[in-house]
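What follows is a short report on a single structure.
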Amino acid sequence: MSGISPRDIRGLGATDIAAALRRRELTSVEVTQAYLEAIGAGNAGLGAYLTVDEQEALAQAREVDARRAKGEELGPYAGVPVAVKDNISTRGLRTTCASRILENYVPPYDATVVARLRQSGLVVLGKTNMDEFAMGSSGENSAFFPARNPWDPSRVPGGSSSGSAVAVAASLAPWALGSDTGGSVRQPASFCGLVGVKPTYGRVSRYGLVAFASSLDQIGTLTHDAAEAAALMGIISGYDPADSTSVPEPAPDYPALLGREIRGLRVGVVREGFGEGVEPGVQEALRRALDVLAGLGAVMGEVSLSMTTYALPAYYVIAPAEASSNLARYDGVRYGLRASNRSVTDMYGRTRQAGFGPEVKRRIMLGTYALSAGYYDAYYKKAQQIRTLIKNEFSSALQSYDVLVTPTAPSVAFRLGEKAADPVQMYYQDYFTIPVNMAGLPAVSVPCGFSGGLPVGMQLIGRWFDEAGLLAIAHAYLETTGWHRFRPEPAVSVAGEAR
Amino acid sequence: MAHVESLDAELQAAYEPVIGLEVHVELQTDSKVFCSCPTTFGAEPNTQVCPVCLGLPGALPVLNRRAVELALRAALALHCTIPPECKFDRKNYFYPDLPKGYQISQYDQPLGVNGWLEISVNGEVRRIGIRRVHMEEETAKSVHVAGGTHTLLDFNRAGVPLIEIVSEPDIRTPEEARAYLNELQSIMRYMEVSDCKMEEGSLRCDANISVRPRGTDVLGTLVEIKNMNSWRAVQKGLEYEIIRQTRLLSDGEPVVRETRHWDEGRGITRPARGKEEAHDYRYFPEPDLVPLALDPAWVAEVKATMPELPAERRARFVRDFGLPAYDAEVLCADPAVAGFFEATVALYPQPKQVSNWIMKDVLRLLNDAGLPLAATPLRPEHLAELCRLVDQGTINLTVARQVFEEVFANGRAPAEIVAEKGLAQISDESALLKVAREVVAGNPDAVKNYRSGKEKAMGFLVGQVMRATKGRANPELATALVKKALAEQQGQE
């Protein structure tokens, strides 16, 4: 048995845990146990997990330990636990999308990313809370309970990958998977002081990711630092024949590319990032971050992305349109909630009425309307044209610059309930992240300081398939500033008192 | 409105039906169009399913290349233009047999456009335009349990590849519609694209029909007819609808634009329930699939490796075998039958004789048995041998037919059956003469009739000889010997 206490294990982070496992200073069971205990103590206050798979997690941990004991060749991260957002299918483990309609749905198959986690020997701790069907920017749209920000439990952790961000920030998991359709990995990463990666569309298989908006969805990572992000990205990325939109190319060796030279990199600061809707504290933190990048030898410049203004309205046509179709399968026929047996139409109506929350219903209606006969050209088609313009604008900006910088979100974490009454206010949270999904580009949110004691995130946007370049900048920046080393106060007691 | 039997000639002359057909054909791939589940017909319900074809959350479609190949073949056989790229769209509607709440189909960029096929009705050849051929996926099968308390769903069928073939409104009569379907079925079978069994649902047909005063170019109000589940239903449904619409127009009443269902039991069409026609399918491009590039080189390769078309084969049968056009049409309707003909002629080079056998006997037996040719033990060698036995005088045609039925049933060699059952023709003069004498002696009335100049009586007497020999007598010899026996009798008197 090791002399490392459970608390210390959780302080190590994924990279050091992996190293300790390889050196046999720790066992996966010890590590898993430490996290399970922390979840047991802290989850009620923070609402990070919807389902914790204690027995299965320990069984997986024991298996990895046994294989290691036999001297089998294991992946470098074998035995490290991981949390998975609850819209990513896990065989035999409830996958609810934080929705009543899938409250008791247990998938018979693993998403490709989950299969890859398992192949690499990672231990799935459980499924994390989220905005229902990934629709939301605060975590408050969970049908079960909201997740709370460990930096201030009266505040939201961001969304929709709220639970994954909380789990990592509060050390209830070393790292986690989220999904990002319009900012759902990056904005909670920003609010919780984490590194959040939204890969290039097509880099990570969507097979098994419960679809919200298929042309925008991408699975991403939530970690404390860039090295962990590189490692986790390395595990989940790469071609998958089961996803026709996955790119038939092997993923690069992200960890090996972390040390890439920063000097001489052309950084384009997006002027709109300092517009009036962005909190002064966020602007300040971002300015200091830009100074650091300049100090590292980056060549700084300024660029305007005028199409950004149109990204949000166009997104709120395309994403709901696809969602209205993607969510049609929840009809009570084959799985999930069935609220009536009286007649087929009665079953549809009652099941969907009882099964979906207000934001999901709002988006289904928006999308259904946008696709209706007579409105298609004015809405969906127009939005697709805007999307092409956004792509073109990014494409030309990325010819002059290697990377573009914006704030991840216009604010720091806000209070629960603060924006719940005004959906459009909430939608503005994703002002800087949505254009990236519209263009299919990769982006990373990197912690860049604090404003009023709350984390601020900087968004780095790169060329298509250049996640490695973004991670290298993030890595150099964090190694210089150390912003990733900050942790919230032990959330357990804070949350406990807050309740 | 009252049931109407027919239109008088005046109304028929005044009004013209305009018909377009929408035909769904299941492609005979081994696996489904967007997943690798098998497509075997008749398997235990819900045993050929996976997350993709069940529409489970998170599952994604992957296009089956073989299905595209078969669809291409069909489109090329229908002389369609193949665009360099096509794409898939979602057709959104709720129905319990539709697992995803949308059907993956093709909306504005189908796989093939602007084709045609030729039909021949009463000797007149007409070209019917094909507007488009597009790919889509099959739905699950609903099984309505008796009593109407609940419905069961079988998802084995969900995701079987389909093509929809939409004709131009070039069809003018129910007979033409029938000829169009026959030709389409024939082409699909020749291309090995589909078995096109209407009874198993691998071919389904909806019709768009309007009626207008003859001589105008303007189309009348369109009515869609669904639920025609047999060739006969298509014909009857169209006939009914033509009469109904013509009567309305001639009475100055409007035709309502609607979808109507063919009611087989009552022999009428009736309006579908309102909801079924109020669909707004909200088509949009399927984001889970990338656009499908139809590389011209690939299309050319598919075209080059396509089997012969039925029209080509018919022409060849007339040209190379000297068959009448009618024979060629009948023989070529089913590629298996046409192949059987060619194989038989290769062994027994008398095309017309072989054609007669196939048209009269083979097709009748197949029809009675309800079997495709391949499911019977009948082989070209059998028919060739049988023809030769007749030519050689070993058996006569009557016996040959009996033998053939047995060959058809159990696949034994004709010569073997003839030998075993002693069916060889009796050409032994002395034996037959003995029978002829007995017949002449035992049928004095017929003999008297014959002698009084009634030639028909001879047929009766020969028939009695055949009867006594169980049909084995050589008919010509029997006639000669009956005459001989008559002469002997007269000599004795």
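Below, chain A is the first sequence line, B the second, and so on; all start at residue 1.
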So with a 6.0 Å cut-off around [atom1] of [X], is the heavy-atom count from everything else above 12?
| X | atom1 | value |
| --- | --- | --- |
| B:D263 | CG | yes |
| B:F94 | CZ | yes |
| A:Y379 | OH | no |
| A:R91 | CZ | no |
| A:K382 | NZ | no |
| A:K381 | NZ | no |

The interface call for B:Y102 against chain A, heavy-atom contacts under 4.5 Å, is side chain

Side chain, backbone, both or neither: which part of B:Y283 has an atom under 4.5 Å from a heavy atom of chain A? backbone

What part of [X] gets closer than 4.5 Å to chain B, counting heavy atoms only: side chain, backbone, both or neither?
| X | value |
| --- | --- |
| A:Y369 | neither |
| A:S89 | side chain |
| A:R352 | side chain |
| A:Y375 | neither |
| A:T95 | neither |
| A:Y380 | side chain |
| A:N326 | both |

d(B:F284 CZ, A:I318 CD1) to nearest 0.5 Å is 10.5 Å

Do B:F88 and A:S244 have side-chain heavy atoms sitting under 4.5 Å apart? no

Do B:R282 and A:Y376 meet the criterion of a side-chain donor-acceptor pair at a distance under 3.5 Å? no

Which residue out of A:A373, A:S215, A:P241 racks up the most heavy-atom pairs below 4.5 Å with chain B? A:A373

Do you know which two heavy atoms are closest between B:P96 and A:V344, and how far apart they sit? CG-CG1, 3.8 Å

Between B:D288, B:L289, B:V290, B:N92, who has the most heavy-atom pairs with chain A when the cutoff is under 4.5 Å? B:D288

Is the backbone of A:S325 close enough, under 3.5 Å, to the side chain of B:R90 for a donor and an acceptor to pair up by distance? no

I need the contact set between residues 48-69 of chain B and chain A: heavy-atom distance under 4.5 Å, sorted by residue number. B:P51, B:V52, B:L54, B:G55, B:L56, B:P57, B:G58, B:A59, B:L60, B:P61, B:V62

